[in-house]
Asker: 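Have a look at this one.
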Amino acid sequence: MQYSLISCAALACTGLAQIPSSLTPAPASAPRIDRVVHDEPGDGHLWARGSNWKASFGAEGFVYYPFVAGAERTLTLQFRLAAVRVGGVAVDLVPAAVPSRDGDRVVFDRGAVSEIYDLRSDEVEQTFVVATTRAGDIEVELTVDSDLPRNPRLPGLRFGVDGTVEYGEAFVVDGTVRRGIATSWTGSSILLRVPAALRGSGPVVIDPILTTRSAAIGGAAYAPDVAWDETNQRYLIVYEHAWSATDHDIWTEMFDADGNLIPSSAAAIDMSNADWTRPRVANIDVADRFVVAAEVAAATFGGRHMIYARTRHAGGTTSISTITLLSDPTYPGDNFSPAVGADQGSSPGRHDALVVWTNGGGSDYNAHARLVDGNGQPVQGHVIVIADGANQLNTNVQVSRSNGNGVVSLPNWFTVFSRYEPQSGWNVYGRLIGPTGLLGATFPLDLSTSDDLYPRVSSPVVGQNGATQYLVTYERQSPQEARAILATFTGNNTSVAPKNLATEFGLPPLWVRAESDGARFVVTAGTAQAISVCTLAPSGNALLLQDGPLLLGASSTTLPEVASQRSSGGLAGEYGISILRSINGQSVPALVRYAGQTSGATATVLPTACNALQIAHSGATAIGAVMDFTLANYGAGLPVFAFGAPRSVPQAICPACLLGLRSDLPTVTVFDATHLAVALPPEPTLVGATFAVQGFAVGAASCLGALAFSDTVVFTVR
């Protein structure tokens, strides 16, 4: 049974306590590569990444990419097995062999020669196994095409001005015996020569090692984002990592519900030599998938920027889907700055994600979108055009992280964007998109003559009288300040209420973001050095401050993004915030957990039980959440719950039985129930109110000839 507290609101004690919530920072990321990470993006290549190298394996052979701090472009060494000669006679090779992977080993089967790569975090071991009975010396010729010239001043084979990459001494391996062999450089090729006298009786195994002579990666991180998966109880952080100035990769890492990094959870959305930037993520909980979209400088389309998507499994694997193109190349111009929202519903039927982005160039920019399923595949064969006016500037399109399916009466994604209009400058517009992609009408949110940029929008909340509300935030340029619009939808009616977050709540003017847990809004805002966070509750067209503003971690903190657990079907009042934090001069992503509700004690237990009747409780005490109670050990008695206000001192009814509820205030009694679910309405006036639940068993106990009492659970709405 589930009961609302609305009928008991008269029991509320005091109003809106503004006690700071706890902020729990998680360790910063690097990314932490504690193993070799693999990827098969669907481009015909196998990719791998170690601590300071990455590599691709394809029909063209093995390509090694060393990390060089501050490189203007990605540096390469491409190795191609040009020839193998035995006794001076060439061995037939399969020139375009398809690589196969087994764990950290990649193999090219070239017929009589196996080209093998054993990958380790700090090195790549290259092995050639020549299966032949022909007599004579064996010579392996590797053609090298490299951006890094060989440095003759250093011993051995070193590539790069400072010997960045070392091609180590080669050995012929015979069982457990390793004997060094001659390695020479021709100016474009490496020659490995095994004298006939060193050959054993079986296949000949030649074994050099490739190493990058630099520290572990220290490239900058950018653009972190975060999402929550309710089924698996974990956050995913996605961020951009600079390999070189023209090659940014996209990485993900997972954190548990307490904000602890999950070991070995690093996985790449992209580790190729393409330039992937501006990642965004949302979660489809029923599919156990995180949907990640990013902007890519696509060589396939002449370097034009396109929007691609991939999904990551939210369970205990690092399974990543293949790459999918979302933007339509028939539309001219570039595509950039994606954002992602997901359907949080759990009912039968489709539950997809909506990816939005800006398309265009010059004097014509448009807002596009596409529905994507849990496998990262487009649901429809066309893009959804949110805004497209001739020679019109529609930019900075964003979407709510959730459409509120299962929470609000009118589940929709709310998309917002900036539009430039000559008479009034930059204005903010909005448009609803339904779960199946159905477009609502476009309507203005702010048409003032001040320039308003960088709009963001929260997931929806349940407003008064069942209304659906969103909070749209943006940055006003003159004067520079944090602004917001509270947008309310009831049936066919829409109303907007402007808010000055600077004057009303003291919020700074940058990085203004909003998210909700279905009942309240959390807003971040900051300066160029630090970010603050606060909780705001809607009350009609007003916003009430319920927590904060609190400083979000240390100074030098920027680029916050906020995800509520509720946006993936989880608890109200639980948030994850991704940020960039400066550590030793390096920008690294971090996760911060935020309670999103007033602080203080939530649930306590008064020892009032007798006759072994037991009560258990779970759930959250935030408005919009549910508290669950269960009775056990009631025997043949009739189980009963009583709900009301707690006594400060329990009253003795029998020598061992105490009443924990006040008898002078109204009490709600539920008979013949072993489970009670108490729904806390999204009503801000309930915050700070304290309630109590006690169980009884009637007809099979000694107190007053018939009663057993449980302990009393006391909880305060936060």
Asker: If only atom types and distance count, is the side chain of R105 paired as donor or acceptor with the main-chain N or O of G103 below 3.5 Å?
Answerer: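 Not at all, since once roles are kept as given, no pair shorter than 3.5 Å links the two residues.
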Asker: Strictly by modelled atom types, are N283 and D229 linked by a side-chain donor-acceptor pair under 3.5 Å?
Answerer: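 Judged by distance alone, the side chains do pair up.
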Asker: Provide the closest heavy-atom pair for P329 versus L325 in the form atom of the first, atom of the second, distance.
Answerer: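 Smallest heavy-atom distance, with atoms named: CD-CD2, 4.1 Å.
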Asker: Under 6.0 Å between ring centres: does that hold for Y454 and W426?
Answerer: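 No: the rings miss the under 6.0 Å criterion.
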Asker: Could you please spell out the steps behind the side chain to side chain donor-acceptor pair (under 3.5 Å) verdict for E515 and S459?
Answerer: CA-CA 6 Å; E515 175 57 326; S459 299; 2.9 Å; yes
Asker: Can a salt bridge be assigned to the pair D249 and K54 using a cut-off of 4.0 Å between side-chain N and carboxylate O?
Answerer: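 Answer for the salt bridge query: yes.
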Asker: For the residue pair R150 and F159, would you count it as a cation-pi contact if the rule is NZ or CZ under 6.0 angstrom from the ring centre and within 45 degrees of the ring axis?
Answerer: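 Here R150 fails the 6.0 Å and 45° test against F159.
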Asker: Mind running side chain to side chain contact (heavy atoms under 4.5 Å, CB included) on W228 and S567 for me, showing each step along the way?
Answerer: CA-CA 8 Å; W228 167 260; S567 67; 5.6 Å; no
Asker: Check the side chains of Y167 and Q126 for a donor-acceptor pair under 3.5 angstrom, ignoring hydrogens and angles.
Answerer: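 A donor-acceptor contact under 3.5 Å links the two side chains.
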Asker: Locate the shortest heavy-atom distance separating W511 from T527; write the atom from each residue and the value.
Answerer: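 Heavy-atom minimum between the residues: NE1-O, 3.0 Å.
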Asker: For this output row, return yes or no: ring centroids of F57 and F62 closer than 6.0 angstrom.
Answerer: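 So the answer is yes for these two rings.
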Asker: Quick one: pull up CG in N260 and CG in L591 and give me the separation to the nearest 0.5 Å.
Answerer: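 If I round to the nearest 0.5 Å, the distance is 9.5 Å.
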Asker: Check the pair H368, D388 against side chain to side chain donor-acceptor pair (under 3.5 Å), reporting the backbone distance first and the verdict last.
Answerer: CA-CA 8 Å; H368 288 181; D388 186 358; 4.9 Å; no
Asker: For the rings on W243 and F67, is their centre-to-centre separation under 6.0 Å?
Answerer: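 Yes, they do, as the ring centres are separated by less than 6.0 Å.
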Asker: Can you list the steps and then say if Q565 with Y235 is a side chain to side chain donor-acceptor pair (under 3.5 Å)?
Answerer: CA-CA 9 Å; Q565 292 190 6; Y235 291 101; 3.1 Å; yes
Asker: Quick one: does D285's side chain have a donor or acceptor within less than 3.5 Å of a partner on E230's backbone?
Answerer: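 Answer holds: yes.
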Asker: So R120 and E125, salt bridge (Lys or Arg N to Asp or Glu O under 4.0 Å) or not? Walk me through it.
Answerer: CA-CA 8 Å; R120 291 182 279 274; E125 184 174 4; 2.6 Å; yes
Asker: Does the pair S321 and R310 meet the rule for a side chain to side chain donor-acceptor pair (under 3.5 Å), with working shown?
Answerer: CA-CA 6 Å; S321 71; R310 299 186 77 179; 4.9 Å; no
Asker: Is it true that R401 and D225 have a side-chain N and a carboxylate O under 4.0 angstrom from each other?
Answerer: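 Yes, charged N to carboxylate O under 4.0 Å.
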Asker: Between D256 and R234, is there a side-chain N and carboxylate O pair less than 4.0 Å apart?
Answerer: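 Judged by the 4.0 Å cut-off on N to carboxylate O distance, D256 and R234 do not form a salt bridge.
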Asker: Calculate, to the nearest 0.5 Å, the distance between atoms CZ and OG belonging to F255 and S578 respectively.
Answerer: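 Answer for the CZ-OG pair, F255 versus S578, is 10.0 Å.
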Asker: Test R513 against E561 for salt bridge (Lys or Arg N to Asp or Glu O under 4.0 Å), laying out the working first.
Answerer: CA-CA 7 Å; R513 312 282 192 259; E561 297 293 342; 3.3 Å; yes
Asker: Between R280 and E295 (salt bridge meaning N to carboxylate O under 4.0 Å), is one present in this structure?
Answerer: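 Salt bridge flag = no for E295 with R280.
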Asker: Taking atom CG of L354 and atom CG of D343, what is their separation to the nearest 0.5 Å?
Answerer: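 The CG atom of D343 is 10.5 Å from CG of L354, to the nearest 0.5 Å.
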Asker: Tell me whether D334 is salt-bridged to R304, with the criterion being a basic N under 4.0 Å from an acidic carboxylate O.
Answerer: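 Result for this pair is no, no salt bridge flagged.
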Asker: With the side chain counted from C-beta on, respond yes when W413 and S402 share a heavy-atom pair under 4.5 Å apart, and no when they do not.
Answerer: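 Side-chain contact under 4.5 Å: no.
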Asker: Once you round to the nearest 0.5 Å, how far does OG1 of T231 lie from CD1 of I284?
Answerer: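 The CD1 atom of I284 is 12.0 Å from OG1 of T231, to the nearest 0.5 Å.
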Asker: Say you draw a straight line from OG1 of T277 to CD1 of I250; how long is it, rounded to the nearest 0.5 Å?
Answerer: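 That separation rounds to 6.5 Å.
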